[in-house]
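Notes to accompany the following structure.
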Amino acid sequence: MRGNSLETGHRIKRGRMNSPMKFDFSEKPAVQRVKVLFPLPLFKAYDYLAPTEDAPAPGSFVRAPFGPREIVGVVWPEPADASVPVEKLKAIADVIDAPPLAAGMVDFIAWAARYTMFPAGSVLRMTMRSGDGLSAPRAQTGYVRTGDAPARLTPQRQSVLDAAGADPRTAADLAAAAGVSDGVVRGLSRAGALRAVEIDPDPPFDPPDLDANGPDLSEDQQYAADGLTAPIREGRHQALLIDGVTGSGKTEVYLEAVAAALARDETVQALILIPEIALTAPFLKRVEERFNAAPAPWHSEMTSAARRRTWRRVAEGQARLVVGARSALFLPFPNLKLIVVDEEHDGAYKQEDGVIYHARDLAVARGARAGFPVILASATPSLESVVNIDEGRYGAVGLPSRFADAAMPDIGLVDMREDPPEAGAWLSPSLVAEVNANLSAGEQSLLFLNRRGYAPLTLCRRCGHKMTAPDSDTMLVEHRFENRLVCHHTGFSMEKPEACPNCNAVGSLSPCGPGIERVAEEARERWPDAAIGVLSSDTAPGARAVREILASMGDGEIDILIATQIAAKGHHFPDLTLVGVVDADLGLAGGDLRAAERTYQLLAQVTGRAGRAEKPGRALLQTYQPDAAVFQALKNCDRNAFLAAEAEGRKRAGFPPYGRLAAILLRGRNEPALHDAARALRAAAPAGDGIEVLGPARAPIYRLRGEARMRFLVKARRDVSIQAYLDDWLPKVKMPASVRRVVDIDPYSFL
Ligand code: ADP
């Protein structure tokens, strides 16, 4: 592969290094060569000189000259290139005072780069992206009360003393709380009533109390927990799936496994990955309650100070339990011994920007390489995981029923051809009747439609013109709340024009089809006295707004919640007994290879919100194709029949998990150059046994953000290394400067 051969087995010096070591090469001491990898889009590490005596260990963070600047990189355990004369090499400037990356982490970064075919430096960058995690934070001064009264006590001084407590607060913080100037705080310090103390800007995380608040597990749960803890105690790799319906106690069970891993010794770390940032706050609270200590969080909505704290404390080994989004996989754990991937089937684990990777697959590989177990949890496991279990590569434990005998919801289908909504409405008479029944019974309903905005298409009634984005081949979605037309692929938006831009007819642009704003409009007309909540990422922008709506739903303050998939996952609404799916066919329309599987997973999740407590739940799916296998499987609660049919189709087509796929996207503004490059690449494709190259073809969204896009799909038998084939093929054609080439191994998006 692309020159990233990695020597493993280097011993890595742990702990802090003397700060900062400046090397002085003027005396020409004995030197040796080391490789340094920089967090830049570079495939290879570069040679530098370091004194033999004090050569930094592999994994050490070092500063070294690169081009006109000095950059922080990592000593990379690859053999140096002896052919470059010593005089040509520059010296490492200094070693950063931070714990070196552990051997397992370095190995994982190098492997992930080879697997995803992205530059090792780009993968390293994901590990180093903690902002200022490497520089020692500035200590702050805080003040605490001494208990002594100042000689002179003004009302201002009294309010500062009232605001001060046992925990130190900064002068600015105290002054703001008391509504006075900083000078009052410092005056109290001089007067002996406050004492200055140093505040740790990155306070350590509390150690988890493993025995705190563990639940009494049911017999099934205990059996499952025992299955998970065996490989943990034995310290060996195994990928294990907890396969259990929503509400069966998967979380309780894997938290037992986390406790077992952390109990092995005090340096062990564990990571729980969750797919959705909107879910982190309640989930963090739940984990905190279980272990009597808040876990270290990691996601994109954290402040840079909070990120730095988690990064540093993880690197030191002090933070023992991390709960985070997919990128937490790249935190610099020195002693990671367990990863849990919750909702392992979730598409959010696939990162599509920058380095393209699937966090579940990388987590399993990380555990396999480092020899620790990886637990996957889902009520609707991916076909990949199901086949891995069938073929003996993964283990599985099952939780067949809901905890405390809560029943699974009854799922019914509404045939929209037989039972259509009135003109201009989107809810069928049967669904309306069920909502009415729920309102009279004082129970909650959820109307689910996985489409933001008011209407997915805006059409001119006079000339038929469709409103599309100016720089992309995408339909603009009307958002009536903001009176704008929005592209859901790029975020482009414009005010909705009065006149059709094609025929200039005024007032002729009309909305076609529903988004959740339009369903909300219908619901408000039908049920004017009901408390109606609307939840999507743009009706409730920001994590806090989402949390507030979810909380009032949980507290029973909302009668009817109209929501996109934000509400589908992980939430527990005890009084929710009816889920209505407004357009069950929606996810099937695009027709990529996982369309039916994703539809099944999403609808099983969302219908699984109903009846999680004492009251039984029911769900109605509105569909124009009630005979489709996916809806029949949902109605009959027959997941296995659905998976078997899916598996059969994929096997016949040689698609994952029975074959491998890689997508290659070429994009650029210069269309002739793009098409020439695509043709040249096609012509250079070598013949390979068990390999098929499809394309080039225009991407389904051909123009996006002003760039034209061409796609190849490479299909390989499972025993063939698709990376090796691409390594052989792709370098044969140099792309012109105007064309960008992106490789996506195991693609999930085909747009
Ligand atoms: P899942 O992760 O499978 O959806 P959860 O672990 O969230 O299920 O469990 C569903 C609900 O049942 C939660 O409120 C949880 O606290 C409760 N629960 C599950 N198992 C137990 C148990 N053994 N003791 C007490 N409560 C439990």
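Counting starts at 1 for both ligands and their atoms, in listed order.
- When heavy-atom distances to ligand 1 are checked against a 4.0 Å cut-off, Ser248 comes that close through both its backbone and its side chain.
- Under the 4.0 Å criterion applied to side-chain N and carboxylate O atoms, Lys350 and Asp744 are assigned as salt-bridge partners.
- Under the side chain to side chain contact (heavy atoms under 4.5 Å, CB included) criterion, Ala319 pairs with Phe205, Ala296, Arg313, Val314, not counting sequence neighbours.
- Few gaps surround CD on Glu391; more than 12 heavy atoms of other groups in view lie less than 6.0 Å from it.
- For the side-chain hydrogen bond (donor to acceptor under 3.5 Å, both in side chains) test with Ser378, the passing option among Arg360, His345, Glu343 is His345; the others fail.
- When non-hydrogen atoms are compared, ligand 1 lies under 4.0 Å from the backbone of Asp216 (N, CA, C, O) but not from its side chain.
- Between Gly249 and ligand 1, an N or O atom pair is found at a separation short of 3.5 Å.
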Using distance only, find each side-chain donor-acceptor pair of residues 637-647 under 3.5 Å and give its atom names and separation, not counting sequence neighbours.
| unit_1 | atom_1 | unit_2 | atom_2 | d |
| --- | --- | --- | --- | --- |
| Asp638 | OD1 | Ala641 | N | 3.2 |
| Arg639 | NH1 | Asp243 | OD1 | 2.9 |
| Arg639 | NH1 | Ala379 | O | 3.1 |
| Arg639 | NH2 | Asp243 | OD1 | 3.3 |
| Arg639 | NH2 | Asp243 | OD2 | 2.6 |
| Glu646 | OE1 | Arg650 | NH2 | 3.4 |

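- Proximity of Val245 to ligand 1, defined as any heavy-atom pair under 4.0 Å, is confined to the backbone N, CA, C and O atoms.
- Within the 4.0 Å heavy-atom criterion, the part of Arg286 lying near ligand 1 is the side chain and not the backbone.
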